[in-house]
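Scroll down for the structure; my scribbles are underneath it.
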2 protein chains.
Amino acid sequence: MENIHILIADDMEAHRRRLERIINSVDNLSIAASAKSGYEAVAYAAIKKPDIVLMDIEMESQMAGVKAASEIHKILPDTKIIMLTVHQDNNIVFAAFQTGIVDYLMKAAPKEEIIEAIYSAYNNQSPIRPIIAEKIRTEFARIKKSEDQLTYFFKIIANLTQSELEILKLLCSGLKRKEIADIRAVEVETIKKQISSLLKKFDKNSTKEVITEVNELRLFDLIKDIS
Amino acid sequence: MENIHILIADDMEAHRRRLERIINSVDNLSIAASAKSGYEAVAYAAIKKPDIVLMDIEMESQMAGVKAASEIHKILPDTKIIMLTVHQDNNIVFAAFQTGIVDYLMKAAPKEEIIEAIYSAYNNQSPIRPIIAEKIRTEFARIKKSEDQLTYFFKIIANLTQSELEILKLLCSGLKRKEIADIRAVEVETIKKQISSLLKKFDKNSTKEVITEVNELRLFDLIKDIS
DNA sequence: AAAAAAGGGGAAGAAAATTTTCGACTTATT
DNA sequence: AATAAGTCGAAAATTTTCTTCCCCTTTTTT
């Protein structure tokens with residue numbers, strides 16, 4: 001399994017030490033850097049490009065934790081930020097979620113919980129914790145929609161490969177995998193793999209859902225005449 | 001010279017035809033697609049990833065030109081959008097500039113001017129035209145700063161290669177090219193080339209300016225201990 | 001004014017990241 | 001049971017990005 005690089009940001013020496021010990025105790029986790037302020041955290045993040053950031057949200061010196069999280073998210077949208085908090089103040093936690101963090105933990109959380117959170121974040125599973133779960137979930141659904149369903153969709157389209165685009169067109173025309181394979185002169189297995197990647201990019205589990213969205217956005221005619 | 005792919009977006013058939021003729025008359029310009037509405041323009045942009053978009057800003061049906069420009073800019077930040085306008089309404093032109101367009105032209109502009117604008121945009125030179133020049137220039141300077149000088153700088157840092165980062169560190173320590181070359185055990189020429197790329201990424205013309213910025217942002221200590 | 005350093009452009013080869021291709025296996029549909 | 005849909009992994013091919021170095025011009029030092 002690949003190595004996961006982690007950036008620690010906490011202004012208290014003792015807390016940093018504890019996190020360092022925990023991370024070092026797990027084989028495929030490693031420390032990218034250990035920052036003592038929000039400002040340092042942003043700089044180290046830019047330099048080291050960690051997979052995960054464990055950020056104390058209560059830091060105040062130089063740059064607040066929430067602000068630092070937001071900056072890091074702007075610079076490295078794919079880096080997963082996990083926030084550490086002492087008092088579970090739902091409002092702060094919620095504010096942080098809006099700036100791009102993917103999970104939060106109590107600072108006193110047991111080792112196992114921290115490690116699990118790291119793996120979850122790395123694998124894109126947000127184990128949204130109970131207390132603020134609902135507020136976040138509904139709010140997030142809203143944001144994702146309003147980030148313009150259209151922009152969101154087009155961004156995905158722009159990231160498709162030429163083959164995927166072509167296959168999307170053929171799928172929208174109602175063709176089956178075997179038929180598509182014949183047209184493209186490759187094995188069905190290849191087409192299946194490519195549709196699989198396609199679905200992953202659209203974050204959907206079936207072609208039906210993708211086609212439904214294409215139709216809802218009235219994109220069929222445009223996709224149809226892809227060269 | 002490479003081929004430049006251009007997307008045309010205008011709701012009037014005659015205007016599209018004229019632009020198509022102009023583009024086809026130049027050897028290394030080619031038409032990626034020709035859109036009849038802002039909506040189509042966004043879709044085609046996502047599908048074709050053109051280098052340049054020539055967008056009629058007065059389109060209204062389905063999606064306004066300014067809105068379409070803004071969407072395309074979100075999806076493809078590197079695509080250069082040139083706006084076409086009939087009445088030179090500075091406010092509209094200015095609004096458009098804020099959403100990511102890089103130049104504007106009168107619709108009646110002569111062929112030569114259009115072609116020149118395309119090349120300028122492609123080569124990242126904004127020939128900012130006189131009438132609104134000052135307003136835009138000052139406003140833009142402000143925006144570029146306030147887009148957080150810090151975020152902007154860190155984004156660049158995050159895009160440096162390992163060698164470039166290393167060289168930046170050595171430059172900040174006051175070393176000369178020859179000395180850096182010795183440390184890295186390569187020819188001075190190599191270092192010179194890499195510093196050149198470094199400067200391009202920072203959009204600066206000399207290492208001095210880069211170092212000044214590093215110091216202003218108090219980043220020297222952090223950069224110093226890059227592994 | 002000469003020498004040294006800084007900077008720009010281009011191009012070949014190396015290295016890294018993506019894409020394409022396909023087989024094996026699992027789960028839904030018909 | 002058969003067909004279709006979908007997932008995972010992995011080798012080969014392709015594309016992109018980095019590295020390296022050469023040649024040439026401009027700026028700075030001495």
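Not measured: the values here are computed from a predicted model. As a basis for the values below, the full set of heavy atoms in this structure was taken, side chains included, without hydrogen atoms, waters or symmetry mates.
Rounded to a whole Å, the CD1 atom of B:Ile195 is 20 Å from the P atom of D:dT26. Rounded to whole Å, the distance from CD on A:Glu179 to C1' on D:dA4 is 12 Å. Spacing between atom NZ of A:Lys200 and atom C1' of D:dG9 amounts to 10 Å, rounded to whole angstrom units. Between A:Lys204 atom NZ and D:dT7 atom P the separation is 14 Å, expressed in whole Å. With rounding to whole Å, B:Leu175 atom CG is found 14 Å from C:dA5 atom C1'. For B:Leu160 and D:dT17, the CG to P distance is 15 Å, given to the nearest whole Å. As rounded to whole Å, 16 Å separates atom C1' of C:dT20 from atom CD1 of A:Ile180. Rounded to whole Å, the distance from CG on B:Leu199 to P on D:dT27 is 15 Å.
The pair B:Lys176-B:Glu179 does not meet the salt-bridge criterion, since no charged nitrogen lies less than 4.0 angstrom from a carboxylate oxygen. Between B:Lys193 and B:Glu189 there is no salt bridge, since no side-chain nitrogen of the basic residue lies less than 4.0 Å from a carboxylate oxygen of the acidic one. At a threshold of 4.0 Å, the pair B:Glu187-B:Lys192 does not count as salt-bridged, since none of the basic side-chain nitrogens sits closer than that to a carboxylate oxygen.
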Check: protein-nucleotides 28-30 of chain C nitrogen or oxygen pairs below 3.5 Å:
none

Nucleic acid footprint by protein, nucleotides 19-25 of chain D - heavy-atom cut-off 4.0 Å, B for base, S for sugar-phosphate alone: SBBBB--

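A heavy-atom distance below 4.5 Å is not found between the side chains of A:Ile52 and A:Tyr119.
Here CG of A:Leu171 is found 11.0 Å from CD of A:Glu164. Values are rounded to the nearest 0.5 Å. Atom NZ of residue A:Lys48 and atom CG of residue B:Leu165 lie 8.5 Å apart, to the nearest 0.5 angstrom.
Within a 6.0 Å sphere centred on CG of A:Asp221, heavy atoms belonging to other residues, nucleotides or ligands number more than 12.
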Evaluation steps, side-chain contact (heavy atoms from CB on, under 4.5 Å), between B:Leu7 and B:Val53: CA-CA 5 Å; B:Leu7 171 62; B:Val53 178; 4.1 Å; yes

Evaluation steps, side-chain contact (heavy atoms from CB on, under 4.5 Å), between B:Phe154 and A:Ile72: CA-CA 9 Å; B:Phe154 282 141; A:Ile72 293 174; over 6 Å; no

